[in-house]
Amino acid sequence: MALFDLAWSRHTGGQFVLRIEDTDRHRLVEGSEEQIYDTLRWLGLDPEESPELGGVYGPYRQSERLDTYRPHVEQLLEDGHAYHCWCSSERLAGMRAEQQRTKSSGGYDRLCLGKSAQERAELPGFSETPVVRMHIPDDVSLEFEDLIRGTVKAPRPDDQVILKADGFPTYHLAVVVDDHLMNITTVVRGEEWISSTPKHVLLYQWLGWEPPKFAHMPLLRNTDKSKISKRKNPAARLMWFRERGYLPEALRNFLQLLAYPPVGEDDSEVASFEEFVAAFDWQKVNTTGPIFDVKKLDWLNGHYIRQLSGTELSARIINFAEESGALTDPTDEQVALVARATPLIQERLTLLSEALGKINFLIRSDDDIEIADDARAQLNDDAPQVLDAAMAALAELNPFTAEAIQPRLRAVLVEGLGIKPKFAFTPLRVGITGQRVSPPLFESMEILGRKSTLLRLQGLADSL
RNA sequence: GUCCCCAUCGUCUAGCGGCCUAGGACUCCGCCCUUUCAAGGCGGCAGCGCCGGUUCGAAUCCGGUUGGGGAUGCCA
């Protein structure tokens with residue numbers, strides 16, 4: 001949502017405002033506000049105004065704006081557009097259960113409408129502290145214009161509560177008051193709000209304000225097609241992707257693709273945020289709720305990793321390793337090693353989190369190389385012979401570089417011993433890395449150096 | 001239940017009446033390249049939910065139906 005908000009505000013030269021809608025004190029979660037800031041910052045979607053940054057329309061936390069809402073509630077009450085309701089939650093629950101049972105259409109039954117506290121107190125299901133409800137007129141307009149969908153119909157609203165018993169406004173009142181006071185021109189929100197929009201339009205009317213434009217985005221869905229939830233899908237917490245080793249630019253591109261057709265060169269699906277902003281048009285936003293396909297994100301992530309410069313990628317690998325705790329306080333040698341090894345693994349990476357595992361054999365000490373079972377199983381009977389010949393050739397090779405190692409080993413093993421390359425190099429790979437698959441062999445040897453290379457080859461030869 | 005939204009390959013989509021025997025991307029499967037694995041190149045499998053109508057002509061327009069989603073809270 002924020003992505004499209006920002007794209008639109010950039011496209012039109014507007015401001016991107018972040019407001020925290022924390023009007024439900026029962027659902028307050030420690031740290032969730034921080035998580036929002038962290039996520040936006042990570043994705044590079046920085047707001048112009050927010051609770052952190054402040055701004056001329058502050059405060060930007062609804063819990064700090066209680067005094068702002070009160071006079072408007074008073075006005076609605078005075079104008080007869082709203083009324084007090086003393087119904088207890090027990091009574092309301094019972095009423096709904098009854099409606100459910102008789103399959104009659106829902107909505108508050110207006111028991112309190114037109115009654116004073118004293119009159120209402122005589123009836124059952126009375127609660128001391130009243131709430132304030134909207135008095136929805138019979139001729140309420142059920143249509144509105146949506147930037148994405150055009151003319152949209154919505155269900156007939158209930159007598160919605162706008163001020164709760166604890167003095168907090170509900171979302172419906174708060175969003176209207178704040179959007180007006182903060183000069184919001186465009187409301188971008190999820191499809192789930194379509195059915196509430198008539199209430200909001202009504203409030204604008206009653207308060208004598210010009211309503212903003214609305215854009216209702218499709219809802220992201222779980223693999224089972226239900227509305228995305230943190231319960232069912234860890235990916236609903238965007239920082240999960242950071243923890244998994246995804247690049248923010250890849251996730252941004254992916255998110256964009258979920259709700260918007262390709263905008264890149266030749267309609268490429270890989271497109272920068274700038275390209276997205278330049279092409280932005282509400283009418284092109286998709287109306288169907290997409291399902292997260294992580295496979296495509298993986299591909300995008302690999303693509304973005306390959307586009308990074310070597311130094312940039314190794315910096316990100318180090319950074320990720322530190323954040324994930326895989327590497328604490330890396331030494332200069334470790335950093336240098338990662339930098340040298342990065343080109344070997346760059347095009348083999350899907351996630352940043354895979355990097356250290358792929359070059360682990362370079363980091364470990366020579367006597368700490370364990371030969372994996374499936375790697376050992378690859379070895380042929382001629383492995384000892386191959387290892388001996390390779391060690392002899394490498395012992396006196398100068399310089400000890402990949403460019404020199406490759407032709408030398410080729411000459412000795414492939415041409416000299418007459419062994420096919422595939423089988424000639426396997427024992428070396430197993431000895432050097434302990435693995436069946438690895439980054440390029442000769443470059444690895446170069447990084448490792450002659451001493452370690454020979455030590456490891458000898459180690460494998462001894463174990464045969 | 002009621003109301004609202006939506007409907008093209010497994011997934012993300014292009015398509016806005018003839019250019020569509022439906023195009024692209026991801027996945028998957030072959031082949032090429034190759035010291036393994038990747039990356040890259042080439043090729044392949046796979047889709048307009050269904051029924052009516054409008055029209056010379058429908059993936060595209062209309063109606064219905066089915067399916068999915070959302071709302072129906074002193075949640076947002």
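Just so you know, these numbers use all the heavy atoms, side chains as well, and skip hydrogens, waters and symmetry mates. Just so it is clear: chains get the letters A, B, ... in the order the sequence lines come, proteins before strands, and each one is counted from 1.
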Which part of the nucleic acid does [X] contact within heavy-atom distance under 4.0 Å: base, sugar-phosphate only, or nothing?
| X | answer |
| --- | --- |
| A:Ile291 | sugar-phosphate |
| A:Cys87 | base |
| A:Asp266 | nothing |
| A:Thr433 | nothing |
| A:Pro157 | nothing |
| A:Asp267 | nothing |
| A:Phe442 | base |
| A:Thr288 | sugar-phosphate |
| A:Glu192 | base |

Using whole Å, report how far [atom1] of [X] lies from [atom2] of [N].
| X | N | atom1 | atom2 | answer |
| --- | --- | --- | --- | --- |
| A:Gln283 | B:C16 | CD | C1' | 11 Å |
| A:Phe144 | B:C3 | CZ | P | 18 Å |
| A:Lys199 | B:A76 | NZ | C1' | 11 Å |
| A:Ile148 | B:C16 | CD1 | P | 21 Å |
| A:Glu347 | B:A39 | CD | C1' | 4 Å |
| A:Arg189 | B:C5 | CZ | P | 16 Å |
| A:Arg221 | B:G70 | CZ | C1' | 10 Å |
| A:His26 | B:G73 | NE2 | P | 17 Å |

Taking donor-acceptor contacts at under 3.5 Å, does the side chain of [X] reach the base of [N]?
| X | N | result |
| --- | --- | --- |
| A:Lys296 | B:C12 | yes |
| A:Gln160 | B:G73 | no |
| A:Arg348 | B:C37 | yes |

Whether [Y] and [X] form a salt bridge (side-chain N of Lys/Arg under 4.0 Å from carboxylate O of Asp/Glu) is what I want to check.
| X | Y | answer |
| --- | --- | --- |
| A:Glu74 | A:Arg70 | no |
| A:Arg19 | A:Glu49 | no |
| A:Arg149 | A:Glu191 | yes |
| A:Arg316 | A:Glu249 | yes |

Using Watson-Crick or G-U wobble geometry with both distances under 3.5 Å, which nucleotide pairs with [N]?
| N | answer |
| --- | --- |
| B:A7 | B:U66 |
| B:C31 | B:G41 |
| B:G1 | B:U72 |
| B:C61 | B:G53 |
| B:U21 | none |

Closest to the [X] side chain, choosing from [options]:
| X | options | value |
| --- | --- | --- |
| A:Lys164 | B:C75, B:A39, B:U35 | B:C75 |
| A:Ile194 | B:C4, B:C74, B:G70 | B:C4 |
| A:Pro421 | B:U35, B:G24, B:A14 | B:U35 |
| A:Glu269 | B:U13, B:A25, B:C74 | B:A25 |
| A:Asp293 | B:C74, B:U11, B:A76 | B:U11 |
| A:Pro155 | B:C12, B:A76, B:C3 | B:C3 |
| A:Pro440 | B:U13, B:U35, B:A76 | B:U35 |

Nearest-nucleotide comparison on RNA chain B, the residue closer to the 5′ end among A:Val161 and A:Arg436: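 This one resolves to A:Arg436.
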Most 5' of A:Thr287 and A:Arg429 on RNA chain B, judged by nearest nucleotide: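 Closer to the 5' end of RNA chain B: A:Thr287.
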Residue pair A:Thr170 / A:Gln160, side-chain donor-acceptor N/O under 3.5 Å: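 Looking only at side-chain atoms, A:Gln160 and A:Thr170 do not form any donor-acceptor pair under 3.5 Å.
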Side-chain donor-acceptor contact under 3.5 Å, A:Thr350 with A:Asp298: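 Result is no, nothing qualifies.
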On a whole-Å scale, what distance lies between the [atom1] atoms belonging to [N] and [M]?
| N | M | atom1 | value |
| --- | --- | --- | --- |
| B:G47 | B:U8 | C1' | 6 Å |
| B:A38 | B:A71 | P | 43 Å |
| B:C3 | B:C50 | C1' | 24 Å |
| B:G49 | B:U60 | P | 8 Å |
| B:G43 | B:A7 | C1' | 32 Å |
| B:C28 | B:C45 | C1' | 8 Å |
| B:G30 | B:C48 | C1' | 28 Å |
| B:G67 | B:C51 | C1' | 15 Å |

Can you find a side chain N or O atom of [X] that sits less than 4.0 Å from OP1 or OP2 on [N]?
| X | N | value |
| --- | --- | --- |
| A:Asn286 | B:C6 | no |
| A:Arg27 | B:A76 | no |
| A:Arg96 | B:G73 | yes |
| A:Lys295 | B:U11 | no |
| A:Lys153 | B:C6 | no |

Looking at the rings of [X] and [Y], which for Trp means the six-membered one, are their centres under 6.0 Å apart?
| X | Y | result |
| --- | --- | --- |
| A:Tyr69 | A:Phe168 | no |
| A:Phe254 | A:Tyr246 | no |
| A:Tyr108 | A:His135 | no |

Contact summary for A:Leu123 and A:Phe126, nearest pair of heavy atoms: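 That closest heavy-atom pairing would be O-CB, 3.8 Å.
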